2 protein chains.
Amino acid sequence: MKLQQLRYLVEVERRGLNVSAAAEALFTSQPGVSKQIGLLEEELGLTIFERSGKRLTAITAPGRIVLAMAQRMLVEAQNMKRVGEDFAAESSGTLSIATTHTQARYTLPPVIQRFVRRHPAIRLHIQQGSPLQVAEWVMDGSVDLGIATEALDRYPDLVTLPCFQWAHKVVTPRDHPLLAMQPLTLAALAGYPLITYDATFTGRSRIDRAFERQNLRPNVMLTAIDSDVIKTYVALGLGVGIIAEMAFDPARDEALAAMPVSHLFEGNTTRVGFRRDIWLRGYEYDFMELLAPQLTRRMVEATLKGEGADPGL
Amino acid sequence: MKLQQLRYLVEVERRGLNVSAAAEALFTSQPGVSKQIGLLEEELGLTIFERSGKRLTAITAPGRIVLAMAQRMLVEAQNMKRVGEDFAAESSGTLSIATTHTQARYTLPPVIQRFVRRHPAIRLHIQQGSPLQVAEWVMDGSVDLGIATEALDRYPDLVTLPCFQWAHKVVTPRDHPLLAMQPLTLAALAGYPLITYDATFTGRSRIDRAFERQNLRPNVMLTAIDSDVIKTYVALGLGVGIIAEMAFDPARDEALAAMPVSHLFEGNTTRVGFRRDIWLRGYEYDFMELLAPQLTRRMVEATLKGEGADPGL
DNA sequence: ATCCTTTACGCCCCGCGTAACCATC
DNA sequence: GATGGTTACGCGGGGCGTAAAGGAT
């Protein structure tokens, strides 16, 4: 049994049982992959893939078990490399983060700035997507850390830690009639066309839930994944915006006025998440602490220990 | 990184940082082991072993982490092979059990007999030792299952399941004065020289505790790990024996008389234990069920799931 | 007819063994 | 000097690539 064979195996599964695609993804030849998988099956004395003639059609029951084991072994192998990077240099390495637009645009810049100053040789990779995508990327190992307000905590194989809390703000043009209203009500908001986040983004669930509770049907006339887009359309007078508070900058957004609405919508908690079974490098602990001061290395490690429950296979 | 390198690594550690011994144990050449470990260290970019000149003297901090990961990977690799044996044939394979004399001699024979009838092609290996040895053998993977009344449950990395309960019996020559005593007391027992198990064996701890509670100092004049030895000396009139009840057979031991003493000593529970992280083959589940009918596959798997807590590193 | 997998075959790397050398106790 | 580890070097197996053949849709 070779680790290569396991890599081939896992990749074939990831590519929907397409050996050619797997070979391409691994920069090797298709026959090689085919052969090694055959050898592995022979060595283990079982068939991992069901074949109809020469085409792989399904994964057998033992195959599924073997696959799960292979994945764990590969994660462990990757962790070993991480330990190397971690202890050896602390200077080289890559930190890849998946997050949503709001975090990438408003929360992360100062964090990243300090991180880069402290770890100048670490290459950074920020991948932007929906909270669900963020979670999936963390799950499949294509990024190390995921930062999002939604979705992350729905994956039991991820460790998620709360970073900070935030509230929404309502933004309007500076001359908007709502600005005179004290205090602002949901009913009043529902009287205007609304511009806010896309269905699965950045606390949108809290917004919807608040209106639902009062049986209001808000007129959401435009949604975006991007606070800047929302603000732009609000400035054009197309409606009233509901955005994350950190996305409003009085200096930069001088065409707009913002009103606190923490009394209308539930608070949101932005979380950082990572796979329970990966090895966190020193600079990843550092990054988390920069992101949220309470996430010290000691605290994160304690959480890992405490949550040690492994659902396993 | 190759699995071989990890095997070398782990073996070197097991052999007290002696590369030559590790090479010998793995049936390969010493320079090969040395080189592969060097290559692994180079690949990971860290030193695993501290060297004074050319001699390995200690394991570095990262080395310890790498070692733990390597061990987990190797266990997983072994599990993969087990899955193979398990699904493929169910016919070939080896079941290795570590246990104490009493179990091997009195409990296991009928179990083994039925097991062999059901799985004629499985090779059996019974290794006999003290409860502590049994636990260590299970821990280091040299046997699959351990069966013992003592010690097993003190290892958190082992899953231990209760098999059955049993009590001690007092055995004497047929004409012994104690036989007339109704009911038997500890004080009476303490008045005779006793012959029983070695300090760490087969419920011996319960025997000692019972005397201690009454502040009695029994005269244990001979100890053995072996019920047959005890019975032999009892038959010779050297003293009164205290043995496990299953070790007394009225037909075979016609020179002796036995008296129930469950009112004097606590009951004992014999347990079967195995490493939490190994893959149990179908016939191993079978064996456990033959050993103790309540240990069905379903029940064992449920216990595994429930205990899923993994202390990890 | 096309796509995809397997079989066949040859190159070349690399793991392993032998031998020689070297450091520590 | 004995034990034990590294370096040097040559052989051989096996992984991987190219080419070709064989099924499935």
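Values in this document were obtained by computation on a predicted structure and should not be read as measured data.
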**OP:** Compare every heavy atom of B:Asp277 with every heavy atom of B:Val75, then report the nearest pair and how far apart it is.
**Re:** CG1-O, 3.4 Å
Quickly work out the [X] [atom1] to [N] [atom2] distance and round it to whole Å.
X	N	atom1	atom2	result
A:Glu43	D:dG15	CD	P	10 Å
A:Leu3	D:dC16	CG	C1'	17 Å
A:Glu42	C:dT6	CD	C1'	14 Å
B:Leu56	C:dC25	CG	P	12 Å
A:Gln36	C:dT7	CD	C1'	14 Å
B:Arg51	D:dG5	CZ	P	10 Å
B:Glu24	D:dG4	CD	P	10 Å
B:Glu41	D:dG5	CD	P	13 Å

Salt-bridge contact [X]-[Y] (side-chain N to carboxylate O under 4.0 Å):
X	Y	answer
B:Arg14	B:Glu11	yes
B:Asp198	B:Arg204	no
A:Arg82	A:Glu284	yes
A:Lys2	A:Glu43	no

**OP:** Using heavy atoms to find the nearest nucleotide of DNA chain C for A:Val19 and B:Lys2 separately, return the residue whose nucleotide is more 5′.
**Re:** A:Val19
Pull out every protein N or O sitting under 3.5 Å from an N or O of nucleotides 22-25 of chain D, one pair per line with the distance.
| unit_1 | atom_1 | unit_2 | atom_2 | d |
| --- | --- | --- | --- | --- |
| D:dG23 | N2 | A:Arg55 | NH2 | 3.0 |
| D:dA24 | OP1 | A:Gly53 | N | 3.2 |

Subject >> Modelled atom types, side-chain donor and acceptor of A:Gln103 and A:His101, under 3.5 Å >> reply: no
Check every strand shown and say whether [X] touches a base, only sugar-phosphate, or nothing at a heavy-atom separation below 4.0 Å.
X	value
A:Leu26	nothing
B:Ile37	nothing
B:Ser29	base

Counting just side-chain N and O atoms, does [X] come under 4.0 Å of either OP1 or OP2 of [N]?
X	N	result
B:Ser20	D:dG5	yes
A:Gln4	D:dG15	no
A:Gln5	D:dG15	no

Among [options], find the nucleotide with the atom closest to the side chain of [X].
X	options	value
A:Gln30	D:dG17, C:dT6, D:dC9	C:dT6
B:Lys35	C:dC9, D:dT6, D:dC9	D:dC9
B:Asn18	C:dT6, D:dC16, D:dG4	D:dG4
B:Thr28	C:dC16, D:dG15, C:dT5	C:dC16

Subject >> Along DNA chain D (nearest heavy atom to each residue), the more 5'-positioned of A:Tyr8 and A:Pro31 >> reply: A:Tyr8
Original post:
In Å and rounded to the nearest 0.5 Å, what is the OG1 to CH2 distance from B:Thr99 to B:Trp137?
Top reply: 10.0 Å
Subject >> From B:Arg123, B:Arg281, B:His125, residue fulfilling side-chain hydrogen bond (donor to acceptor under 3.5 Å, both in side chains) relative to B:Thr94 >> reply: B:Arg123
